[in-house]
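Below, chains carry the letters A, B, ... as their sequence lines are ordered, and counting in each starts from 1. Please read these numbers as outputs of a predicted model, since none were measured by experiment. These values consider heavy atoms only, across backbone and side chains, with no hydrogens, waters or symmetry-generated copies.
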Protein chains: 2
Amino acid sequence: MASRLSHIAKISDFLRKHKLSVTESRKQILKLFIEQPGALAHADIEKKTGERFDRVTIYRTLQTFLEKGIIHSIPTSDNSVLYALCKENCSEGRHVDHHIHFICTICQNTYCLDETNTPDIKLPKGYRLNRLEVVAEGTCKNCI
Amino acid sequence: MASRLSHIAKISDFLRKHKLSVTESRKQILKLFIEQPGALAHADIEKKTGERFDRVTIYRTLQTFLEKGIIHSIPTSDNSVLYALCKENCSEGRHVDHHIHFICTICQNTYCLDETNTPDIKLPKGYRLNRLEVVAEGTCKNCI
DNA sequence: TTAATTTTGCAACATAGTTGCTTTTAGATA
DNA sequence: TATCTAAAAGCAACTATGTTGCAAAATTAA
């Protein structure tokens, strides 16, 4: 399989590596994430899988993938949740996320900009920083 | 009225300035925002006004305040919407927002850090930036 | 004070997400 | 390969959140 993501060679093996049983929904949904350049919402997944899977199954699959560090969630300004594949340095419980997210206001896609690291932020005295989420909005390279 | 925000002297006058009729719900909700150091969710407003106003009224009031540039919304990682007062340079249709938002994981409050400007971000070639949203997560000065 | 306009509250609806339970499927074992 | 067990899927019901249309009430203008 010619994968966009070098760390996922074969879907079944990848699932087994994460101690997940290999089911049709997990394979299909994971495949979607690999083929998709941008992030996906629950509704996208429902549509793109041809509504073959129950809403609940999709919710639970996403939850499982989140917990295993396979995907991460992205907050958006219109308050929907998006999900995108993690890189290999993410693991169960610990999501290592130093990239920023980019929403294209033309094509409405959301991309993880892996090349762009989150900046250093100097907080006012007394604040301690744990995590930083940067969401950029504008026009992507395909729509410019 | 000793206001935390210099640009709002008297609530009724402030509402009239924005061509809004002065109603009980608008006064109460605006007062909440002025007294509150952090941001507010719809549910907070419902509770803090003693459930005197209909859910729909609160939604519509927030919508009106957003449109008039009186408040702005803040996306959160758990996908709820928060609202906070704008500074005086915001106006109808145009929200001028160069500060970052801070979520305290202890007290669960969200603050606008007006002292901390959003950083300069260098996007990959081909991307054009319109808006930048930075949400920091950690411990606030009251909880440290 | 009255009339026109705006806003509120209510009911009904829509959408997103959750939970409990039963059936089905996957993986292990004989 | 058949059988057993554990995990996952599907279904129904429910909750939370947000929206829309409309009648009643409140606000503003005359």
Side-chain angles (χ1 to χ4, degrees), chain A residues 10-32 39-68 70-83 92 108 110, chain B residues 10-32 39-68 70-83 92 108 110:
Chain A
K10 198 153 172 289
I11 286 180
S12 315
D13 292 347
F14 182 79
L15 287 170
R16 282 193 202 99
K17 202 182 75 186
H18 284 277
K19 288 175 190 149
L20 294 173
S21 25
V22 180
T23 66
E24 205 46 40
S25 49
R26 284 179 184 163
K27 280 194 286 182
Q28 292 292 316
I29 293 172
L30 186 53
K31 192 158 169 281
L32 262 188
L40 292 166
H42 178 275
D44 298 329
I45 296 167
E46 218 172 332
K47 274 180 224 128
K48 296 205 181 207
T49 49
E51 288 166 26
R52 293 204 298 119
F53 306 110
D54 195 87
R55 281 170 355 98
V56 181
T57 300
I58 297 174
Y59 279 120
R60 289 201 263 229
T61 303
L62 290 170
Q63 196 53 47
T64 305
F65 284 1
L66 277 177
E67 282 162 10
K68 293 287 179 177
I70 297 172
I71 59 175
H72 61 277
S73 65
I74 308 168
T76 65
S77 46
D78 71 326
N79 237 59
S80 55
V81 208
L82 295 174
Y83 304 89
E92 194 152 351
Q108 290 301 321
T110 296
Chain B
K10 198 153 171 293
I11 285 180
S12 316
D13 292 346
F14 182 80
L15 288 170
R16 282 194 202 97
K17 203 182 73 186
H18 285 277
K19 289 174 189 148
L20 294 174
S21 24
V22 180
T23 66
E24 204 47 38
S25 49
R26 284 177 183 163
K27 280 193 287 182
Q28 291 292 316
I29 293 172
L30 186 53
K31 192 158 168 280
L32 262 189
L40 291 166
H42 178 275
D44 298 328
I45 296 166
E46 217 174 332
K47 273 179 224 130
K48 296 203 182 212
T49 48
E51 288 165 27
R52 292 202 298 121
F53 306 112
D54 194 87
R55 277 165 2 95
V56 180
T57 301
I58 297 174
Y59 279 119
R60 289 200 266 230
T61 304
L62 289 171
Q63 196 53 46
T64 305
F65 284 1
L66 275 177
E67 281 161 12
K68 293 287 179 179
I70 297 172
I71 59 175
H72 61 278
S73 64
I74 309 167
T76 64
S77 46
D78 72 324
N79 237 58
S80 55
V81 208
L82 294 175
Y83 305 89
E92 193 151 354
Q108 292 299 323
T110 296

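Taking atom CD of residue A/Gln28 and atom C1' of nucleotide D/dG10, one finds them 17 Å apart after rounding to whole Å. For the pair B/Glu51 CD and C/dC10 P, the interatomic distance rounds to 13 Å; values are reported in whole Å. Separating the CD atom of A/Glu24 from the P atom of D/dG10 is a distance of 10 Å, rounded to the nearest angstrom. Rounded to an integer number of Å, the gap from CZ of B/Arg16 to P of C/dT7 is 14 Å. The interatomic distance linking A/Glu67 (CD) with D/dA7 (P) rounds to 14 Å, in whole Å. The CZ-P distance, from B/Arg52 to C/dT7, rounds to 18 Å in whole Å. Distance NE2 (A/His42) to P (C/dT18): 9 Å, rounded to an integer number of Å. To the nearest angstrom, P of C/dT19 lies 10 Å from CZ of A/Arg60.
At distances below 3.5 Å, at least one donor-acceptor pair connects side-chain atoms of B/Arg26 with backbone N or O atoms of B/Ser21.
Note that the CD1 atom of A/Ile70 and the OH atom of A/Tyr83 stand 14.0 Å from one another [nearest 0.5 Å]. To the nearest 0.5 angstrom, B/Ile45 atom CD1 is 12.0 Å from B/Thr57 atom OG1. Note that the CG atom of A/Leu32 and the CD atom of A/Gln28 stand 7.5 Å from one another [nearest 0.5 Å].
When each of B/Val56 and B/Leu20 is assigned the nucleotide of DNA chain C bearing its nearest heavy atom, the one mapping closer to the 5' terminus is B/Leu20. Between B/Thr23 and B/Gln63, the residue whose closest nucleotide on DNA chain D is further toward the 5' end is B/Gln63.
Dashed line: the shortest gap from a side-chain N or O of A/Ser25 to OP1 or OP2 of D/dA9 is under 4.0 Å. Between B/Ser21 and C/dT7 there is a side-chain polar atom (N or O) within less than 4.0 angstrom of OP1 or OP2.
If you check every strand for non-hydrogen atoms under 4.0 Å, B/Arg26 touches sugar and phosphate atoms only. Within the nucleic acid shown, B/Ser80 has no heavy atom closer than 4.0 Å to any nucleic acid atom. Among the protein residues, A/Thr64 comes within range of no part of the nucleic acid, since none of its heavy atoms lies under 4.0 Å from any strand.
With hydrogens and angles ignored, no donor-acceptor pair closer than 3.5 Å exists between the side chain of B/Arg55 and the base of C/dG9.
When distances are taken from the side chain of A/Val22 to each of D/dG21, D/dT17, C/dG27, the shortest belongs to C/dG27. With distances taken from any side-chain atom of B/Thr57 to the nucleotides C/dG9, D/dG10, C/dG17, the minimum falls on C/dG9.
Screening B/Ile11, B/Asp13, B/Leu15, B/Leu30 for a side-chain contact (heavy atoms from CB on, under 4.5 Å) involving B/Val22 leaves a single residue, B/Leu15.
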